[in-house]
Amino acid sequence: MRWIGIILLLTGLLPVVVYAQTLHPGESDVIEFMDGDQIRGKVKKIQRGELILDPDKLEDMVTIKLRNIKSITARRKLYRIESVANIKYLGILEPGRGPGWVKLIEDHDTTELFIEDLDNIENMDDDFWKRLDGSASLGFSYSRSSNIGRVNESHNMTYSTKNWLFLTSGDLMYTIDNEFKGIEKADLAVQAYIEFWKRWFAVTSVQFQRSTELGLSARMQLAEGAGPILIKSRKNDLRAATGFSIQKEYSTDSINAGRAVSAEIPLFVNYYLYKLGTPYLTMQATNSLFFSLSQKGRWRVDQSITLYWKIVTHLNLNVQFYFDYDSKPPDVSAQKVDFGTVFSIGYSW
């Protein structure tokens, strides 16, 4: 009997279930809850155990815990899907084998996952602007360099493709007092990021920095790095990378304003901690060490720890602690250390 079944399958006489990746641009996504209730709209993102939906009949976004979802139907667009096991898919979502399961339908394959094992989902919309996610904040700060307040602005924005993630971020500190008026501290970066071999990533970064406290008028830097994803779960994300960087610096000292192009070995360590529920808290710690290949004995540290508290949808209260160190600053009369605290209110989209 077993051989008869195989012969029937090969000759096409036995029906085979094939799932087609068919898009339905005009229909709404459907989220069904464990109690049978449904809500329709547009799935915007799934991240860290929560689904964000733009509902059809409500003005504001709705955030839903994955543990409360019975099924998901999302077939308007292709989604870039990532599981907690760091396996990536590109497809649509339909109800799975039972409550709490989802079916991921790709071009030539179909996979079923437990809904709570979805770690990250992003909408691969054809519209460039709809793929943008980001946040911006404005506030005040206090730093060691003086006892006055400063206006602080920060922002970050991401754009996703099937394989790449492009990021732009920036922090700007503007000071006004009797002795100085202008940009005292700035850090602006554009990055391209890709993951490969399941637990590895590579990043290219172009960066501009300014810190008058450390005697730095301007620094333009290009860095290439790669490294492992050490920890990845719904609540923790730890990554480290190293590589090579080149830079051009300009000192606040008018006599020695410029330096030749120099090379460094960077070490990047980034950590994210997510606390779901109420209150919704996120911590991001970025640590960068640079060891100079061109100037003997010189090394630098750029470190920041930022806490985000989600007050209401789209609105965050942020606290940032930063620490900068340069063993041999461009201006020999400048301080080697700068640190401070920044408080701000942020909006995310």
Side-chain angles (χ1 to χ4, degrees), residues 21 23-24 27-34 37-56 58 60-106 110-125 127 130-135 156-165 167 193 195 229 232-237 272-278 280-282 284 308 310 313-314 316 348-349:
Q21 189 189 65
L23 299 180
H24 298 264
E27 74 174 25
S28 297
D29 301 331
V30 181
I31 307 301
E32 184 179 4
F33 296 93
M34 288 297 183
D37 290 341
Q38 293 184 349
I39 184 171
R40 295 175 179 269
K42 298 178 180 179
V43 173
K44 305 298 290 184
K45 182 182 290 189
I46 292 179
Q47 192 171 44
R48 306 302 172 188
E50 294 184 332
L51 181 147
I52 299 174
L53 182 78
D54 184 3
D56 290 341
L58 297 174
D60 209 348
M61 299 288 181
V62 174
T63 301
I64 306 168
K65 302 291 185 183
L66 293 184
R67 64 174 178 265
N68 297 327
I69 297 176
K70 180 179 180 180
S71 67
I72 302 173
T73 303
R75 305 180 297 187
R76 296 179 304 104
K77 297 285 184 180
L78 291 179
Y79 287 84
R80 188 167 69 101
I81 305 161
E82 187 174 338
S83 70
V84 291
N86 209 37
I87 301 174
K88 298 174 177 59
Y89 310 87
L90 183 67
I92 60 176
L93 296 87
E94 292 190 352
R97 67 185 68 172
W101 288 82
V102 65
K103 188 182 299 173
L104 311 179
I105 303 177
E106 299 182 275
T110 299
T111 304
E112 292 207 30
L113 286 178
F114 193 48
I115 289 178
E116 290 192 57
D117 285 338
L118 298 175
D119 182 61
N120 192 299
I121 290 185
E122 296 189 11
N123 189 347
M124 295 290 98
D125 203 297
D127 189 332
K130 291 182 179 180
R131 289 198 191 184
L132 293 177
D133 292 299
S135 64
N156 65 78
M157 191 158 48
T158 63
Y159 177 80
S160 301
T161 67
K162 180 180 178 180
N163 297 313
W164 288 86
L165 181 66
L167 309 91
Y193 176 94
E195 294 184 5
I229 301 173
K232 185 171 183 179
S233 65
R234 290 196 190 94
K235 294 185 178 181
N236 298 275
D237 192 309
Y272 299 84
L273 173 64
Y274 302 87
K275 181 185 180 299
L276 307 178
T278 304
Y280 188 104
L281 299 174
T282 303
Q284 177 181 355
Y308 304 90
K310 184 177 180 180
T313 303
H314 300 303
N316 300 317
S348 59
W349 63 88

How many angstroms lie between atom [atom1] of [X] and atom [atom2] of [Y], to the nearest 0.5 angstrom?
X      : Y      : atom1 : atom2 : answer
Ile52  : Lys44  : CD1   : NZ    : 10.0 Å
Ser348 : Met157 : OG    : CE    : 13.5 Å
Leu104 : Lys88  : CG    : NZ    : 14.0 Å
Ser71  : Glu94  : OG    : CD    : 10.5 Å
Tyr79  : Ile105 : OH    : CD1   : 13.5 Å

**OP:** Provide the closest heavy-atom pair for Ser160 versus Arg80 in the form atom of the first, atom of the second, distance.
**Re:**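 That closest heavy-atom pairing would be OG-NH2, 3.6 Å.
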**OP:** Looking only at non-hydrogen atoms, find the nearest pair between Glu50 and Thr63 and report the distance.
**Re:**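 Looking at all heavy atoms of both residues, the shortest contact is OE1-CG2, 3.4 Å.
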Original post:
Are the side chain of Glu112 and the backbone of Arg97 linked by a donor-acceptor contact shorter than 3.5 Å?
Top reply: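 Yes, Glu112 side chain to Arg97 backbone: donor-acceptor pair under 3.5 Å.
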Subject >> Polar side-chain atom of Gln38 near backbone of Glu32 as donor-acceptor pair, under 3.5 Å >> reply: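 Checking the backbone N and O of Glu32 against the side chain of Gln38, no donor-acceptor pair under 3.5 Å is found.
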Does the side chain of [Y] come within less than 4.5 Å of [X]'s, by heavy atoms?
X      : Y      : value
Ile31  : Val43  : yes
Ile81  : Leu93  : yes
Leu273 : Asn236 : yes

Subject >> Sequence-distant partners of Phe33, ring-ring contact (aromatic ring centres under 6.0 Å, His included), two or more places apart >> reply: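 Phe33: no ring-ring contact (aromatic ring centres under 6.0 Å, His included) contacts found.
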By side-chain hydrogen bond (donor to acceptor under 3.5 Å, both in side chains) - contacts of [X] (at least two apart):
X      : answer
Glu27  : Arg75
Asn68  : none
Ser135 : Asn156
Thr73  : none

Quick one: list whatever passes side chain to side chain contact (heavy atoms under 4.5 Å, CB included) with [X], sequence neighbours left out.
X      : answer
Asn163 : Ile194
Val62  : Ile39, Pro55, Leu58, Ile64
Gln284 : Tyr272, Thr286, Tyr308
Arg67  : Lys65, Glu116

Original post:
Is there a side-chain contact (heavy atoms from CB on, under 4.5 Å) between Thr282 and Asn316 once you walk through the steps?
Top reply: CA-CA 10 Å; Thr282 303; Asn316 300 317; over 6 Å; no
Original post:
By salt bridge (charged side-chain N to carboxylate O under 4.0 Å, His left out), which residues pair with Asp54, not counting sequence neighbours?
Top reply: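 Counting only residues at least two positions away or on another chain, Asp54 forms no salt bridge (charged side-chain N to carboxylate O under 4.0 Å, His left out).
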Original post:
In a check of side-chain contact (heavy atoms from CB on, under 4.5 Å) between Ser83 and each of Asn120, Leu113, Leu118, Ile121, which one passes?
Top reply: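 Going through the options one by one, the only one that passes is Leu113.
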Subject >> Pairs touching residues 80-100 that satisfy ring pair (Phe, Tyr, Trp, His ring centres under 6.0 Å), sequence neighbours left out >> reply: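 Output for this query is empty, none listed.
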**OP:** Any chance you could lay out the side-chain contact (heavy atoms from CB on, under 4.5 Å) test for Leu51 and Ile72, step after step, and finish with the verdict?
**Re:** CA-CA 10 Å; Leu51 181 147; Ile72 302 173; 4.0 Å; yes
